[in-house]
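Worksheet: one structure, shown below.
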There are 2 protein chains.
Amino acid sequence: MGVSVRIKTALETSSWIRRMFEEGAELKARLGPERVFDFTLGNPDVEPPARFKEELIAAAQDPRPGLHVYMSNAGLPEVRRLLAQHLSRLHQMSFQTDDIILTCGAAGGLNVLLKALLDPADEVVFFAPYFPEYHFYTDNHGGVPRVVETDEAFQLDLNRLEAVLSPRTRAVIINSPNNPTGRIYDAETLKELGKFLTHHSGRHGRPVYLLADEPYRRLVYDGLTLPSIFAAYPNTLLATSFSKDLSIPGERVGYVAVSPRAAGRGELSAGAVLANRILGFVNAPALMQRVVARLLEVSVDISPYAQRRDLFCDLLTQAGYDFLKPQGAFYLFPKAPGGDDLAFVSRLKEENILAVPGRGFGRPGYFRLAFCVPEAVIQAAAPGFTRAIRG
Amino acid sequence: MGVSVRIKTALETSSWIRRMFEEGAELKARLGPERVFDFTLGNPDVEPPARFKEELIAAAQDPRPGLHVYMSNAGLPEVRRLLAQHLSRLHQMSFQTDDIILTCGAAGGLNVLLKALLDPADEVVFFAPYFPEYHFYTDNHGGVPRVVETDEAFQLDLNRLEAVLSPRTRAVIINSPNNPTGRIYDAETLKELGKFLTHHSGRHGRPVYLLADEPYRRLVYDGLTLPSIFAAYPNTLLATSFSKDLSIPGERVGYVAVSPRAAGRGELSAGAVLANRILGFVNAPALMQRVVARLLEVSVDISPYAQRRDLFCDLLTQAGYDFLKPQGAFYLFPKAPGGDDLAFVSRLKEENILAVPGRGFGRPGYFRLAFCVPEAVIQAAAPGFTRAIRG
């Protein structure tokens with residue numbers, strides 16, 4: 001009656017994350033929230049750094065006129081200039097102001113990039129397990145999703161990638177540190193991927209763009225650092241945000257960066273600016289642009305996440321779960337005991353534990369646990385995890 | 001090389017407003033900005049009300065934890081509840097929290113609604129002269145634009161509307177007070193339109209939704225008030241923002257409201273919430289949601305706009321221009337002397353006056369002047385307007 005067929009279907013199937021969220025809300029209403037162990041949502045619960053609050057208050061008190069009006073659809077020039085400098089230092093490459101477009105988070109950024117890139121029936125490749133929204137983002141702009149399985153360690157398999165690349169491949173999305181697996185792609189992997197895409201682009205005379213979705217870049221553990229994706233491949237476009245760095249996902253501020261070495265560099269950034277306008281974003285929120293510009297080198301303290309990871313991994317290991325320790329982000333992606341992720345997630349629910357089945361991320365037989373919750377919740381859920389694996 | 005064919009075409013043709021903006025920037029760089037009279041952009045230059053600043057500082061200083069994290073994609077429940085109450089009072093109709101979705105401005109809201117509504121090849125009707133972005137917004141979601149001319153007084157002509165309505169008509173967009181004409185549709189007109197759409201919907205067994213784009217609702221002059229669009233037609237969906245009410249267009253906060261009487265009410269709001277998520281908006285900026293919720297009855301002082309309107313109208317009348325005095329918004333849309341809007345806008349440019357040709361709004365032979373500029377600029381441009389009309 002009301003909505004389109006496509007949206008109606010999407011509403012009915014929706015995402016597993018949301019469905020779990022709703023079932024969880026029902027459980028919480030029934031039992032009281034303190035008796036439900038909810039590991040479904042990747043919503044940062046670590047407070048923003050103290051400097052964020054200071055800069056926010058300063059920006060709110062700023063007496064200058066005209067601070068809240070329209071600007072270039074690309075964002076405030078001074079903020080873009082600072083971001084270009086920041087990326088130039090980080091990647092040892094010369095980014096210019098025009099390479100940067102402020103966006104409504106990384107989600108806005110990915111949509112802006114796909115809108116700028118895709119002709120009807122162009123193909124977008126991403127790797128399973130994947131962030132489920134990639135399906136929607138691709139479909140939004142007339143693209144066709146092509147999913148490539150990663151290996152048992154969730155690493156890229158270039159043979160499988162080769163099997164799906166076609167003359168219509170327009171973009172490949174990678175996400176490292178990865179949601180839901182917590183894995184990082186190392187420099188060697190990215191270099192191989194870059195060589196591979198260069199070869200494929202050359203063969204078809206049309207660049208394949210690598211879309212790097214990096215909102216978790218600074219959320220890495222054990223002293224690891226993320227290799228530069230821009231160094232690995234010239235036709236790289238970055239989408240990222242301040243959501244996890246500063247624990248401000250509700251404020252919707254992030255940015256897109258076009259590699260200085262990308263084919264069609266100027267046209268790509270102009271296209272992204274236009275897409276930002278015509279998709280209705282218009283520009284990233286003005287006040288928050290000013291705030292984050294003063295915090296480019298600031299991050300939340302990630303030690304609470306690291307401690308929870310260690311605690312959670314110890315508990316799950318003791319209980320007998322099979323998983324890879326996350327190198328970054330705040331998710332665990334264990335194998336579902338018994339092999340059926342839906343059945344096992346239901347079993348966990350009997351223990352008042354909420355998790356998301358792996359099929360929601362394109363990998364049945366696994367389940368995702370978000371550990372952006374207090375340690376006490378993880379501790380309290382331990383007996384339930386132990387009982388659940390015993391059947 | 002880089003962008004899609006569609007975006008490349010859009011970049012080349014782009015919008016007249018932007019093109020004028022860029023030519024204007026070049027002129028300003030050459031002559032100095034104080035010697036150029038720029039009437040191209042509808043960017044409010046009246047400062048936000050004092051209360052906005054107070055509430056912004058209070059919100060920034062709010063010590064509660066968790067203020068900047070993800071929320072329901074529909075927005076903060078308390079803000080939605082207050083908006084539902086506000087609309088219930090304004091329209092004498094019972095809006096519920098679930099009827100309201102906070103969006104990234106009215107532009108975000110219109111995209112969310114069209115995404116929720118349109119199946120491929122569904123048609124979207126709007127009236128010329130129109131806000132040029134409607135073409136993009138319709139195309140973004142696979143819709144087909146159908147333009148209907150208004151009459152000489154820029155009023156709706158239902159006979160012309162009837163000629164374009166089809167079984168594929170899914171939505172009709174109206175914008176009152178209108179950009180670019182400054183006209184308002186009166187209660188009788190809206191009632192007739194509502195009857196007409198009810199009849200058409202009934203004939204095809206499928207509701208046509210009326211999308212009311214009302215960002216200028218409070219920007220009306222001469223003591224006029226805007227009639228309720230919800231009273232005029234049951235299948236009405238509102239998209240609006242706080243951009244003009246509070247002079248904060250750069251902050252990207254607005255909302256969508258589904259009529260309590262709309263067919264498929266619950267499905268429509270659920271679809272709009274899903275669209276808000278999957279288009280990458282995710283949610284309207286959290287901090288600004290809290291700020292605007294405390295300012296629902298507050299507006300900028302519109303007397304500066306009213307004074308500029310009177311001044312501008314007097315000057316143009318004395319110079320011999322033919323136009324209708326705007327009833328709302330901050331635009332004048334005079335006839336181009338000689339009939340050729342491109343030629344006349346070029347002639348104005350020789351006088352260092354920047355305006356937008358009417359064909360950018362689907363009505364050649366006219367030109368648009370935005371009067372959100374200081375009175376001194378209007379005064380200083382007067383001799384140029386006089387010389388230009390003399391040839």
Side-chain angles (χ1 to χ4, degrees), chain A residues 1-8 10-11 14 41 43-45 47-48 56-57 59-61 65-66 68-71 104-105 107-108 110-111 115-119 133 136-137 140 207 247-252 262-265 267-268 270-271 274-275 278-283 285-288, chain B residues 1-8 10-11 14 41 43-45 47-48 56-57 59-61 65-66 68-71 104-105 107-108 110-111 115-119 133 136-137 140 207 247-252 262-265 267-268 270-271 274-275 278-283 285-288:
Chain A
M1 172 67 93
V3 300
S4 71
V5 172
R6 193 172 287 189
I7 289 287
K8 196 176 179 70
L11 281 173
S14 198
L41 275 182
N43 201 358
D45 73 321
E47 280 299 294
L56 179 60
I57 293 170
Q61 290 173 333
H68 307 287
V69 298
Y70 288 125
M71 65 199 76
C104 292
L110 286 169
N111 275 281
K115 173 78 182 176
L117 287 173
L118 297 182
D119 281 306
E133 304 295 87
F136 290 117
Y137 298 171
N140 284 341
S247 268
I248 55 167
E251 301 299 351
R252 312 310 304 137
R265 175 187 186 183
E267 191 178 281
L268 281 168
L274 179 68
I278 68 179
L279 287 173
F281 296 107
V282 183
N283 55 246
L287 179 87
M288 281 298 162
Chain B
M1 170 70 91
V3 299
S4 71
V5 172
R6 195 172 285 190
I7 289 287
K8 197 176 178 69
L11 280 173
S14 195
L41 277 181
N43 201 357
D45 73 321
E47 280 299 294
L56 178 61
I57 293 170
Q61 289 173 334
H68 307 285
V69 298
Y70 289 125
M71 66 199 77
C104 292
L110 286 170
N111 275 281
K115 173 79 181 175
L117 288 174
L118 297 182
D119 281 306
E133 305 295 271
F136 290 116
Y137 298 171
N140 283 341
S247 268
I248 56 166
E251 302 298 352
R252 313 310 305 140
R265 175 187 185 183
E267 191 178 280
L268 281 169
L274 179 68
I278 68 179
L279 288 174
F281 295 108
V282 182
N283 55 246
L287 179 86
M288 281 297 161

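Note on naming: letters A, B, ... go to the chains in the order of the sequence lines (proteins, then strands), and numbering restarts at 1 for each one. Values below: every heavy atom of this structure, side chains too, minus hydrogens, waters and symmetry copies. Because the structure is a prediction, the values reported are computed rather than measured.
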Closest heavy-atom pair and its distance - F281(A), R252(B): O-NE, 3.0 Å
Taking all non-hydrogen atoms of both residues into account, name the closest pair between S247(A) and V69(B) and its distance. O-CG1, 4.5 Å
Side chain / backbone / both / neither for L118(A) at chain B, heavy atoms under 4.5 Å: backbone
List the residues meeting side chain to side chain contact (heavy atoms under 4.5 Å, CB included) with A60(B), not counting sequence neighbours, and say none if there are none. L56(A), I57(A), A60(A)
With a 4.5 angstrom heavy-atom cut-off, which part of Q61(A) approaches chain B: side chain, backbone, both or neither? both
Highest number of heavy-atom pairs under 4.5 Å with chain A among P48(B), A107(B), A275(B) belongs to A107(B)
So which part of P65(B) gets closer than 4.5 Å to some heavy atom of chain A, the side chain, the backbone, both or neither? both
Residues which pass side chain to side chain donor-acceptor pair (under 3.5 Å) with D45(B), listed by chain and number, not counting sequence neighbours: R308(B)
Heavy-atom pairs under 4.5 Å with chain A: which of I7(B), I278(B), L287(B) has the most? I278(B)
Just verifying a value: how many Å separate H68(B) NE2 and E47(A) CD, rounded to the nearest 0.5 Å? 7.5 Å
Against chain A, label L279(B) side chain, backbone, both or neither, depending on which of its atoms sit under 4.5 Å from a heavy atom there. both
Against chain B, label N111(A) side chain, backbone, both or neither, depending on which of its atoms sit under 4.5 Å from a heavy atom there. side chain
If you count heavy-atom pairs within less than 4.5 Å of chain A, which of R6(B), R265(B), K115(B) leads? K115(B)
